[in-house]
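This report refers to the structure that appears directly beneath it.
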Amino acid sequence: AGLIHMLATRLSEHAGIQMRYRVLPHQRVLADFRRSDGDYTMVFQNPIVDDFAERVGVVLTTDMLLLTHRASPQDLTLEALAGKTLGYISGTYYGEAFAADRKTIKLPLSGLEQAIRMLQLGRLDALISSDIMLRYSLEQAQLNPQMFRTRVLAPGHEAHLYVSPGSRDASHLPAVRAALKQMRISGELDEI
């Protein structure tokens with residue numbers, strides 16, 4: 001169940017092909033794609049991924065947020081977080097400002113659930129996440145979003161469907177690309 005399942009199911013139906021999906025840790029997906037040992041994946045636009053995979057199309061556009069406890073006096077800017085611990089999901093590209101920042105203490109984590117727990121325990125001063133991933137992670141953890149404060153760091157960040165150059169299903173690329181375009185035009189992609 002969930003967003004990835006809905007996207008894969010509908011994309012498969014529109015493209016007229018059978019797609020199986022697996023949810024894997026971000027670093028595992030990137031490692032598989034570097035070895036051309038993958039098929040399709042959805043990840044945030046990333047200049048590094050562009051070096052070893054082809055963009056099929058935009059799946060969604062989201063905002064990258066900085067997040068802390070509601071009661072925290074911490075200002076939510078990269079400048080104000082200088083010397084503070086900032087959690088992020090390893091391998092995710094959060095935009096140029098985050099990539100260029102050298103003043104925060106960036107702590108790579110394996111998942112957003114772990115980052116939220118560490119923030120709650122005071123092991124992080126803030127974390128960075130996409131708005132959509134944050135929303136669903138908070139829902140899954142049954143946490144009230146009002147417990148936290150957010151600020152947009154990078155607006156309009158795109159998530160793309162990528163295909164590995166060594167994909168066993170690369171021959172389906174035109175059908176998948178057309179299906180994604182059809183879903184965008186019809187509004188189904190936004191609805192998902």
Side-chain angles (χ1 to χ4, degrees), residues 2-4 7 22-35 38 40-53 55 58-162 164:
L3 296 174
I4 297 171
L7 174 66
R22 296 180 299 158
V23 178
L24 298 170
H26 194 78
Q27 288 296 80
R28 164 80 186 277
V29 171
L30 297 182
D32 285 353
F33 266 58
R34 275 191 189 96
R35 291 190 310 269
Y40 294 91
T41 191
M42 183 182 73
V43 295
F44 289 110
Q45 180 275 325
N46 185 330
I48 296 169
V49 177
D50 289 337
D51 289 342
F52 54 82
R55 291 186 200 182
V58 176
V59 176
L60 67 90
T61 302
T62 186
D63 292 335
M64 291 298 175
L65 307 173
L66 292 172
L67 173 107
T68 193
H69 287 286
R70 168 120 352 247
S72 171
Q74 181 63 56
D75 190 18
L76 286 174
T77 66
L78 290 176
E79 295 79 19
L81 288 166
K84 305 285 185 181
T85 305
L86 178 60
Y88 71 99
I89 308 309
S90 182
T92 300
Y93 182 75
Y94 293 102
E96 290 184 29
F98 181 78
D101 174 62
R102 300 289 179 255
K103 295 181 181 174
T104 58
I105 302 167
K106 297 177 186 177
L107 185 62
L109 301 166
S110 61
L112 193 51
E113 296 79 14
Q114 177 190 19
I116 292 169
R117 281 194 308 272
M118 290 181 70
L119 182 65
Q120 289 180 294
L121 294 170
R123 295 185 179 148
L124 295 175
D125 295 295
L127 63 89
I128 188 170
S129 171
S130 70
D131 57 4
I132 193 164
M133 293 303 297
L134 179 62
R135 175 181 166 215
Y136 286 100
S137 294
L138 291 176
E139 279 180 15
Q140 193 171 19
Q142 298 179 344
L143 294 173
N144 183 345
Q146 298 301 316
M147 297 170 53
F148 304 98
R149 279 187 305 116
T150 61
R151 182 171 184 178
V152 175
L153 174 68
H157 200 72
E158 294 178 341
H160 291 262
L161 184 66
Y162 284 90
S164 171

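Everything numeric in this text was worked out from a predicted model, so none of it was measured.
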Exercise. Verify side-chain contact (heavy atoms from CB on, under 4.5 Å) between Arg123 and Leu107, making sure each step is shown before the conclusion.
Key: CA-CA 10 Å; Arg123 295 185 179 148; Leu107 185 62; over 6 Å; no
Quiz item: How far apart are the C-alpha atoms of Phe33 and Val43, what are their side-chain angles, what is the distance that settles it, and do they pass the side-chain contact (heavy atoms from CB on, under 4.5 Å) test?
Solution: CA-CA 12 Å; Phe33 266 58; Val43 295; over 6 Å; no
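Minimum heavy-atom separation, Gly156 to Asp63: N-OD1, 3.0 Å. Scanning all heavy atoms of the two residues, the minimum distance from Ala97 to Leu78 falls at O-CD1, 3.6 Å. Here the closest non-hydrogen pair linking Gln45 and Tyr162 is CA-OH, 3.7 Å. Nearest heavy-atom pair across His157 and Tyr94 is CE1-C, 4.0 Å. The shortest heavy-atom contact between Pro155 and Val152 is N-CG1, 3.7 Å.
Counting only heavy atoms from C-beta outward, the side chains of Ile48 and Arg34 approach each other to under 4.5 Å. Contact annotation: the side chain of Asp32 never approaches that of Thr41 to less than 4.5 Å [non-hydrogen atoms, C-beta and beyond]. The side-chain heavy atoms of Leu76 and Leu65, taken from C-beta on, include no pair separated by under 4.5 Å. Within the 4.5 Å cutoff, the side chain of His69 has heavy atoms near those of the Phe148 side chain. You'll find the side chain of Met133 stays beyond 4.5 Å of the side chain of Ile89, heavy atoms only. Asp125 is not listed as a side-chain neighbour of Thr104, based on a closest heavy-atom distance of 4.5 Å or more. Val49 places a side-chain heavy atom less than 4.5 Å from the side chain of Leu30. Side-chain atoms of Ile116 and Leu134, non-hydrogen and from C-beta on, do get closer than 4.5 Å to each other.
To the nearest 0.5 Å, atom CG of residue Leu86 and atom CD1 of residue Ile105 are 10.0 Å apart. Distance check, rounded to the nearest 0.5 Å: OH of Tyr88 to CG of Leu109 gives 8.5 Å. Considering CD1 of Ile132 and OG of Ser137, their distance stands at 10.5 Å, rounded to 0.5 Å. Atom CG of residue Leu7 and atom CG of residue Leu161 lie 7.0 Å apart, to the nearest 0.5 angstrom. Atom CZ of Phe98 and atom CG of Leu153 lie 8.5 Å apart (nearest 0.5 Å). Between the CG atom of Leu127 and the CG atom of Leu67 there is a distance of 4.5 Å, given to the nearest 0.5 Å.
Checking side-chain atoms of Arg55 against main-chain N and O of Asp50 turns up no donor-acceptor pair under 3.5 Å. For the pair Glu96 (side chain) and Ala154 (backbone), a donor-acceptor distance under 3.5 Å is absent.
No more than 12 heavy atoms of other residues, nucleotides or ligands sit less than 6.0 Å from atom CD of Gln140.
Among residues at least two apart or in separate chains, there is no salt bridge (Lys or Arg N to Asp or Glu O under 4.0 Å) pair with a member in residues 99-113. Listed by first and then second residue, the salt bridge (Lys or Arg N to Asp or Glu O under 4.0 Å) pairs that reach into residues 136-162 are Asp75-Arg151, Arg135-Glu139, sequence neighbours excluded.
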